[in-house]
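Note that these values count all heavy atoms, side chains included, but never hydrogens, waters or copies made by symmetry. Chain naming here is simple, since letters A, B, ... match the order of the sequence lines and numbering starts at 1 in each.
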2 protein chains.
Amino acid sequence: MIPNRPFRPTAATAREKLLEAAVRLVRAQGFAATSVDQLCGEAGVTKGAFFHHFPSKEALGVAAAEFWSASTGAFFADAPFHGFPDPVDRVLGYIDLRIALIGGRAEAFSCVAGTMVQEAFRSSAAIRMACEASIMGNAAALEEDLAAAIDRCGVSGTTAASLSRHVQAVIQGAFILAKTQPEDSAADLAREQLGHLRRYFAMLFHRIGEEIAS
Amino acid sequence: MIPNRPFRPTAATAREKLLEAAVRLVRAQGFAATSVDQLCGEAGVTKGAFFHHFPSKEALGVAAAEFWSASTGAFFADAPFHGFPDPVDRVLGYIDLRIALIGGRAEAFSCVAGTMVQEAFRSSAAIRMACEASIMGNAAALEEDLAAAIDRCGVSGTTAASLSRHVQAVIQGAFILAKTQPEDSAADLAREQLGHLRRYFAMLFHRIGEEIAS
DNA sequence: CCAGGCATACCAACCGGTTGGTATGCCGCA
DNA sequence: TGCGGCATACCAACCGGTTGGTATGCCTGG
């Protein structure tokens, strides 16, 4: 019983096209520098459609952060490192995956939430909170493994929550450093920085000797 | 022989006022969201003065990054940690100073170059390079001490240059995380993250046991 | 089964205000 | 008297957002 709309080629409602366009454009130019007209052009949609789905540009920003959060959250939830028996391996596996995901231009691997919150943290509480939810949600996904690793290795002086935030901090910082570079060296610099994060955790969890950091 | 301008209470040519206004406004709202009119209003100067001193808004951005770089560079060059005999103490002293400088709202302690490069890295090569010079200049100021610390402690698997970049990466990342928070917890989160950087370096340079990280 | 009433999704044209930028004039100092 | 250092006045392009309108799908009562 195929419903009444026989031709819906690749799904793609105007709303989704706008959110995907927002992710691309915000990553490359930031939120404030991206105009509604540009968003509509990139999405292949008219301005009327934009304001049909979003009451304001700010609301699009909030929705883009949530969309970003949902996409990345689903991706990392499915990743194979969750199957590792040792929690330390799961934590290092997450970092290794993040390193493997870095490549190409900065706008291809950088973070929408981190970019938006930097511009909008004071001017829009709604965007700030959506970005907080995205970044802290990513952090929380690693907290359980970190708690187990801390427990197993007897680490003191910090907490799983604090360490999970540090993962996100280093990732965000690595993206900023990458953006200072010309295209062809951006990814290398970002990977180098995540290498230090890996080394910090390897030392904390007594896995020194298997370093990658350069 | 006092130069020709006897009363320069807080200095204040239109150019300097504009640069100081740019630092304040870019920190709080970002570069794209800050208009030329707003800049002029904040500086108490007219638009004619703006375009007399800067050929374009982009040029003001470049000049603001250089101005920022010069101010912060001079500040850290004068800091007392340079007098510590042990290079490890000098490195940790720099981090402790950065921690001590964090307080209040995020726009009071965050970085102009890091904010600007995130928005402008693709749309303006001139701004990107000015921000690169600012951030990498800050990094380079610590490189010599890091090299000495690496040498003294026999650290392998990384370089002073890479570690000096990591300092900046963690600082930038800490600022982004801080911006996700409501005003009253922003500074705490940023300090927490620099605490992890301190702990990483303490472990690398065999100073474990004196942790601060929370 | 289908008529009709309403909701959803979308569009093209348009609005007032703001944007970065310019053209020109004034004015104190060397 | 000239010139650097501003201020005033102005502009075309663009901004986020609104308008009136159409095409289509879904639900309900007869």
Heteroatom pairs (N/O) under 3.5 angstrom, protein to nucleotides 17-22 of chain C:
from	atom 1	to	atom 2	distance (Å)
C:dG20	OP1	B:Lys57	NZ	3.2
C:dG20	OP2	B:Val36	N	2.8
C:dG20	N7	B:Lys47	NZ	2.9
C:dG20	O6	B:Lys47	NZ	3.2
C:dG21	OP2	B:Lys57	N	2.8
C:dG21	O6	B:Lys47	NZ	2.9

What's touching nucleotides 24-27 of chain C from the protein side, N or O pairs under 3.5 Å?
none

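For B:Arg15 and D:dA7, the CZ to C1' distance is 19 Å, given to the nearest whole Å. Distance CG (A:Leu39) to P (D:dC14): 17 Å, rounded to an integer number of Å.
Contact annotation: A:His53 side-chain N/O to C:dC10 OP1/OP2 distance is under 4.0 Å. Remark: A:His52 is in phosphate contact with C:dA9, judged by side-chain N or O atoms under 4.0 Å from OP1 or OP2.
Taking the six-membered ring where tryptophan is involved, the planes of B:His166 and B:Tyr200 are perpendicular, since the angle between them exceeds 60° and thus also 30°. Between A:Tyr94 and A:Phe76, the two ring planes are tilted [angle within 30° to 60°].
Judged by the 6.0 Å distance and 45° axis criteria, A:Lys57 is positioned over the aromatic ring of A:Phe31.
Among residues two or more places apart in sequence or in another chain, the ring pair (Phe, Tyr, Trp, His ring centres under 6.0 Å) test is passed with A:Phe67 by none. With sequence neighbours left out, the salt bridge (charged side-chain N to carboxylate O under 4.0 Å, His left out) criterion links A:Arg105 to A:Glu107, A:Glu183. Taking B:Ala187 as the reference, B:Ile102, B:Phe109, B:Arg191 meet the side chain to side chain contact (heavy atoms under 4.5 Å, CB included) condition, with sequence neighbours excluded.
A donor-acceptor pair is defined here as one N or O able to donate and one able to accept, closer than 3.5 Å; such a pair exists between the side chain of A:Arg128 and the backbone of B:Thr180.
Helix-axis bend for the helix from C:dC1-D:dG30 to C:dA30-D:dT1: the local axis fitted to the five terminal pairs at one end deviates from that at the other end by 10°, rounded to 10°.
Around atom CD of A:Gln38, more than 12 heavy atoms belonging to other residues, nucleotides or ligands sit under 6.0 Å away.
Counting all heavy atoms, side chain and backbone alike, A:Ala22 lies closest to A:Ala64 at CB-CB, 4.1 Å.
In summary, A:Arg24 and A:Glu20 do not engage in a salt bridge, as defined by a charged side-chain N under 4.0 Å from a carboxylate O.
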